[in-house]
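Chain letters run A, B, ... following the sequence lines, proteins first and then strands; every chain starts at 1.
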Amino acid sequence: MYKSYDSLNLPEIDRQILEFWESENVFERSISEKDANNTYVFYEGPPSANGKPGIHHVMARTVKDLFCRFHTMQGQRVQRKGGWDTHGLPIELSVEKELGITKEDIGTKISVDDYNKACRETVMRYKDMWDDITRKMGYWVDLENPYITFDNNYIESVWFLLKRLYDKDLLYKGYTIQPYSPAAGTGLSSHELNQPGAYRDVTDTSAIAQFKLKKDAASDFLFSVTNGADVHIIAWTTTPWTLPSNTALAVGNKIDYVLVKTFNQYTHEPINIVLAKALMGKQLSGKYKPLEEGQSLDDYQAGDKKIPFTVLKELKGAEMVGIRYEQLLPYVLPYENAAQAFQVIAGNFVTTEDGTGIVHIAPTFGADDAQVGKENNIPPMLVLDENENPVPLVDLQGKFRKEVGELAGLYVKNEYYTEGNAPDKSADVLISIKLKTENKAFKVEKYVHSYPHCWRTDKPILYYPLDSWFIKASSMKERMFELNKTINWKPAATGEGRFGKWLENLNDWNLSRSRFWGIPLPIWVSEDKEQKKCIGSIEELGKEIEKANAALGKNQTVPKDMHRPYIDEIVLVAEDGTPLTRELDLIDVWFDSGSMPYAQWHYPFENLDKFDPEKKMGFPADFIAEGVDQTRGWFYTLHAIAVMAFDSIAYKNVVSNGLVQDKNGQKMSKRLGNAVEPFETLAKYGADATRWYMISNAQPWDNLKFDVSGIDEVRRKFFGTLYNTYSFFGLYANVDKFNFSEAEVSLADRPEIDRWIISLLNSLIKEVTADYANYEATAATRKIQEFTDQHLSNWYVRLCRRRFWKGDYSADKIAAYQTLYTCMVTISKLMAPVAPFFADWMYSNLNTITKKETSVSVHLADFPTADDQAIDKGLEQRMDYAQSISSLVLSLRKKESIRVRQPLQKILLPVLNPDFQTQVEGVKDLILSEVNVKEIEYVTDTEGIIKKGIKPNFKTLGRRMGKHMKTVAQAISKFGDAEIANLERNGGMQMVINDEEFTLTLEDFEITTQDIPGWLVASDGPLTVALDVTLTDELKAEGVARELVNRIQNIRKDQNFEITDRILVEIENKTEVQAGITGFKDYIANEVLADDIVLVASPTDAVAVELQEGLALNISVKRT
RNA sequence: ACUGGUGUAGCGCAAUUGGUUAGCGCACUUGCCUGAUACGUAAGAGGUUGGUGGUUCGAGUCCAUCCAUCGGUACCA
């Protein structure tokens, strides 16, 4: 017996199937039973288990799961190793918070050892919850043997990779501009900078400095305007203390600038200055006023209230690029490449919102500055210290170095002095005064702006160059860009746009993190930084330790745990005997996760039989997927490491899914209380409905406005319909004991409608397979749903109902069972990747009885392949006609208020072409029974009878006619019956438009039938149907009979009779029903399973029904 | 501010890649059908396809520009 159920309960199905999977080891078998030589490589991006899973994880994991399942069903072996991301700042911060400590306390109040222990414990806090959601949502991934980034093996592989990059000369130590708190003596992460209250409004001394141009070929066009007088470019800064470190000025290429002649307000000397035209109003206001007509600049006297100015020339920023200027505060020159300093460069960040439209560039104290400086080969203002190391002009305490003349030893900000020790005049003020007296300041003002502060010391931060280890990613960016083009991105825009552009403008990868819980940088350096060693394996570390022990007389051993602090204690030795100590930095956690393809297999130390990038074994991945937020995260680190270490892509196909928002398009957050709890959702609606909703509702890469009512709709419309189809099938198949033991009825022997649904089914298989293969799951689910709902349930089953419950267990009935069975089993396979539970439930329920399938689970079965022989597009077209014609007839009945139960004699169908008639003949019976009409009459010789309409076929005609199209369309619209008839007879015509002759064929027209005068007609596109609404007595009687059948069936139903119960019917004897009963007694009896139907004056225990408008009738129905 | 996505009926989505009445589902109104289905079906209401301008015989689709919205990056002289 096929299992039957009271109602659809998806969560219950989830539970049953989960148990089934576990008891049968279905997941393991879905891998182990596949050919090891036919692999589909998938990499799992590791989640961090110190946060709870959210609904967006269900989204991302559904995408991952479904393509893995699809390829499994394609016969491929899909290894899916789970993993955990265990390092990183978020973990450290949460531990700090729990322990109530700050970074400074680590190593003092708490040992690094204890601190790291705390991190190690915290990091897997929610592992059980993650495992639970993984299981419940049906995400198949190996949770038994996951890779864990804090494992020594994992760390060793990461070291191997770092060493490989080191050997390729891709690792270097360098400067990067980072937020730095001199008071605390530490760099701040951007995370820390985003703490509330970090940005505060402060009043600073701002200065507009005058940079004097050098006269040469590049600047001559300006000097020619001033007759050789000095020209200054003016630039604004809110940090005058950075002016001694100025090495460039940036202009906007497209910005309009002006050369203005005026006087300096402090020295009263005549000056020629360049500034953005848009900012003249701002900077040349107040004291300044345009030169009036008739006046001369020479009239200006020092002390005049107003200072006149006049524009000498307009120019574009681009014209100034390359101009040299004199160093503003020539205390010292950059230690290298000084010749390139002090010139005008172009910067795309320059705006005309503020200042002068010219930006002062100090590459040592601004991230943008450093970047643009590097791009333009401008040296930063670095000098060599006592140890010959390059350093900026401000030291780590925030004081000017000795090179900066009279400013040496001063803090750059007064806030850095201890209480009460700050001088009257800050460095900014001193510099401003100096500029004023030297005719180098155009304007000095107080300026209020928002500036970041250290959240620990409350003092302003500096942007300061700090020592860090870098990966020279920029040197490989062309290769990364090239190889990226070979990756199939879903959606493509993310790959070409977001990711591609990112690669084009790639910066070096700052690896260093001065934290405690992470993979230590395996680099040992001598005190003078001259000698370095990078360690690439634990074995190598052991050898180096032995060497060091011998050379230095130590007794060190390889630590059991590669984390800090143990690794820090190891001292190695250089070839010449110099001791080497480890660089204290950790590496960026993103390097951890980007190393997972190799480190999950402990490459190259183990598993070389299953993973070897050199041999392209297990590498690159065929498929990865994550949220779009990983574009610059995991997607990048995977790509970068693969390109740099192995000159290969790391993945061939990547799906980046969008955000999951709440139903109003708002970000989900705990604070707003609009976050959807994944466990609740899964428990209420089941995993399949949730998964199906997420995939079918919108493309995964679009943001999903998550609305549970959408899940409910999916449950009702798709799963409900499919469930009902199954129930229907089970109900009658049990009665008939259908278990597919008969030989398959050949397609040719099945009725038209069976061949139709099988044709559609095979078309569906084709399309769905292609969609899944192209990572277009949304299209696939929509097609499966459309097939199930529209075609299978609401056309095939509806029209075939009688075949299942009427008559004997005939060949036709068997064909019907087989057809429906095949459809359901096939759907279970097609839907299995997205809805793994329900699919397996239906598959198992069916297969338990029939044993037609060799696999115990749908997930061990092969994905269906389409049988091209079974696809009959003509048949599909035919059925389409049947549906349209039926729909037209029903609408006519409605218009005339003739209910469908009332039979009618005939419909008239104008024939569009001979083929059409054959087509309709094939589905004639379906139409007739669907609309309750006796016959179809074809109207062929239509001239005069049928009124036709004609329209040009724009697609074929438009291309040829071009601009004549309008004229042609007008001409055609005027065609009368005669022209259309001629056209049809001749199969085409000649048309002359503006003396040009065109040959038109029937293809170039759309001819429709529109009306049959004298008949009741309806049209839809080319189709027209006329309905004969004449009611003969015979038809009326049959109508009554059908009404009676309906009423009696309702009574049976109301009285809860079994479907098979036999009955005796008494009907009140009224004249209106007599003809119906005498003429159709057998028919009625047969329909309602009545042994007899009698007309009596007053039936006993009768039910009153309304047979027609105003006709009440008593009927009695009794079981016999 | 820069950069990408999106913008179609109250809501969620389509539209054969430029082809002429812009569709489907949910919700709504009124009928009908149904011994599998709170399913389906028929009629109705609901649209200036975000605005403007352009290219074209023809634009939801291409171009320009603006607006809204969601991301990403940058927060700066």
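- The C1' atoms of B:A68 and B:A27 are separated by 26 Å, rounded to the nearest whole Å.
- Proximity note for A:Tyr463 (side chain, C-beta onward) versus B:A14, B:C76, B:G19: the nearest is B:C76.
- Considering only the side chain of A:Asn724, B:A36 comes nearest among B:G25, B:A36, B:C57.
- For B:C75, there is no paired nucleotide, since no Watson-Crick or G-U wobble pair has both relevant distances below 3.5 Å.
- The phosphate of B:C32 (OP1 or OP2) has no side-chain N or O of A:Arg893 nearer than 4.0 angstrom.
- Across all strands shown, B:U41 forms a Watson-Crick or G-U wobble pair, both distances under 3.5 Å, with B:G31.
- At the heavy-atom level, A:Tyr726 lies nowhere under 4.0 Å from the strands shown.
- Residues A:Thr494 and A:Leu792 each lie close to RNA chain B; by heavy-atom proximity, the contact nearer the 5' end of the strand is made by A:Thr494.
- Among the protein residues, A:Asn1046 comes within range of the sugar-phosphate backbone only, with heavy atoms under 4.0 Å from sugar or phosphate atoms but none that close to a base.
- Atom P of nucleotide B:U34 and atom CZ of A:Arg802 are separated by 11 Å, given to the nearest angstrom.
- Closest to the side chain of A:Ser891, out of B:G58, B:A42, B:A14, is B:A42.
- Between B:U37 and A:Tyr723, no contact under 4.0 Å exists linking OP1 or OP2 to a side-chain N or O.
- Closest approach to the A:Gln790 side chain among B:U41, B:C26, B:G12 is made by B:U41 (side chain taken as heavy atoms from C-beta onward).
- Note: CG (A:Asn794) to P (B:A42) measures 11 Å, nearest angstrom.
- Between A:Tyr693 and B:G12 there is no side-chain N or O to OP1 or OP2 distance below 4.0 Å.
- Applying the Watson-Crick and G-U wobble criteria (two distances, each under 3.5 Å), B:A36 pairs with nothing in any strand.
- Where A:Glu1006 and A:Val900 meet RNA chain B, the nucleotide closest to each residue was compared, and A:Glu1006 sits on the side nearer the 5' end.
- In this structure, A:Thr237 reaches the sugar-phosphate backbone alone: every heavy-atom distance under 4.0 Å involves primed, P, OP1 or OP2 atoms, never a base.
- No engagement by A:Gly710 is indicated, since no non-hydrogen atom pair under 4.0 Å with the nucleic acid exists.
- Side-chain nitrogen and oxygen atoms of A:Arg716 include none within less than 4.0 Å of the OP1 or OP2 phosphate oxygen of B:A38.
- Comparing the P positions of B:U3 and B:A64 gives an interatomic distance of 13 Å, to the nearest angstrom.
- Put simply, CD on A:Gln699 is 14 Å from C1' on B:G12, counting in whole angstrom units.
- In the set B:A36, B:A14, B:C33, the nucleotide with an atom closest to the side chain of A:Arg782 is B:A14.
- Taking atom CZ on A:Phe729 and atom P on B:U37, their separation rounds to 18 Å, with Å as the unit.
- Between A:Thr721 atom OG1 and A:Asp789 atom CG the span is 4.5 Å, to the nearest 0.5 Å.
- Ring pair A:Trp489/A:Phe635: centre-to-centre distance below 6.0 Å.
- Spacing between B:C63 and B:G23 at atom P, rounded to whole Å, works out to 25 Å.
- Taking the O4'-C1'-N9-C4 or O4'-C1'-N1-C2 dihedral as appropriate, B:U17 has a value within 90° of 0 and is therefore syn.
- A:Arg901 places its CZ atom 9 Å from the P atom of B:C32, with the value rounded to the nearest Å.
- Spacing between atom NE2 of A:His791 and atom P of B:C24 amounts to 14 Å, rounded to whole angstrom units.
- The phosphate of B:C70 (OP1 or OP2) has no side-chain N or O of A:Asn703 nearer than 4.0 angstrom.
- Under 4.0 angstrom from either OP1 or OP2 of B:U21 there lies at least one side-chain N or O belonging to A:Lys951.
- For A:Lys873 and A:Glu876, the salt-bridge test passes: some basic side-chain N is under 4.0 Å from an acidic carboxylate O.
- In this structure B:C24 sits in a base pair with B:G12, meeting the Watson-Crick or G-U test at under 3.5 Å.
- The partner of B:U52 is B:A64, judged by Watson-Crick or G-U wobble contacts that both fall below 3.5 Å.
- Ring centroids of A:Trp795 and A:Phe787 are separated by 6.0 Å or more, keeping the two rings apart.
- Side-chain rings of A:Tyr693 and A:Phe706 approach one another, their centers coming within less than 6.0 Å.
- Distance A:Leu8 CG to B:A38 P: 12 Å, rounded to the nearest Å.
- As a whole-Å value, the separation of A:Leu799 CG from B:U41 P is 12 Å.
- Set against B:G71, B:A36, B:C26, the side chain of A:Leu659 has B:G71 as its closest nucleotide.
- Nucleic acid contact for A:Thr238: sugar-phosphate only, since backbone atoms but no base atoms lie under 4.0 Å from a heavy atom of the residue.
- Taking atom P in both B:C24 and B:U41, the straight-line distance is 10 Å, to the nearest Å.
- With rounding to the nearest 0.5 Å, the separation of OH in A:Tyr2 from CG in A:Asn845 is 10.0 Å.
- Using a 4.0 Å heavy-atom distance criterion, A:Ser793 is classed as a base contact.
- At a threshold of 4.0 angstrom between heavy atoms, the contacts of A:Val968 with the nucleic acid are absent.
- The C1' atoms of B:G72 and B:G18 are separated by 33 Å, rounded to the nearest whole Å.
- Straight-line distance between the P atoms of B:U16 and B:G60: roughly 13 Å, to the nearest whole Å.
- A salt bridge links A:Glu1043 with A:Arg1047: at least one charged nitrogen is closer than 4.0 Å to a carboxylate oxygen.
- Atom name C1', nucleotides B:A15 and B:G25: the rounded distance is 15 Å, in whole Å.
- Annotation: the span from A:Lys443 atom NZ to A:Ser432 atom OG amounts to 14.0 Å, rounded to 0.5 Å.
- Set against B:G19, B:A36, B:A14, the side chain of A:Trp805 has B:A36 as its closest nucleotide.
- Under a 4.0 Å N-O distance rule, the pair A:Glu776/A:Arg782 does not qualify as a salt bridge.
- Among the protein residues, A:Gln661 comes within range of the sugar-phosphate backbone only, with heavy atoms under 4.0 Å from sugar or phosphate atoms but none that close to a base.
- Looking at the side chain of A:Lys705, the nearest of the listed nucleotides B:G12, B:C76, B:G5 is B:G12.
- Listed pair A:Thr956 / B:G19 fails the phosphate criterion, with no side-chain N or O lying under 4.0 Å from OP1 or OP2.
- The phosphate of B:C26 has OP1 or OP2 within less than 4.0 Å of a side-chain N or O from A:Lys717.
- Between A:Gly355 and A:Leu279, the shortest heavy-atom contact is O-CD1, 3.4 Å.
- Comparing the same atom, P, in B:C70 and in B:C76 gives a spacing of 24 Å after rounding to whole Å.
- Using a 4.0 Å heavy-atom distance criterion, A:Arg798 is classed as a base contact.
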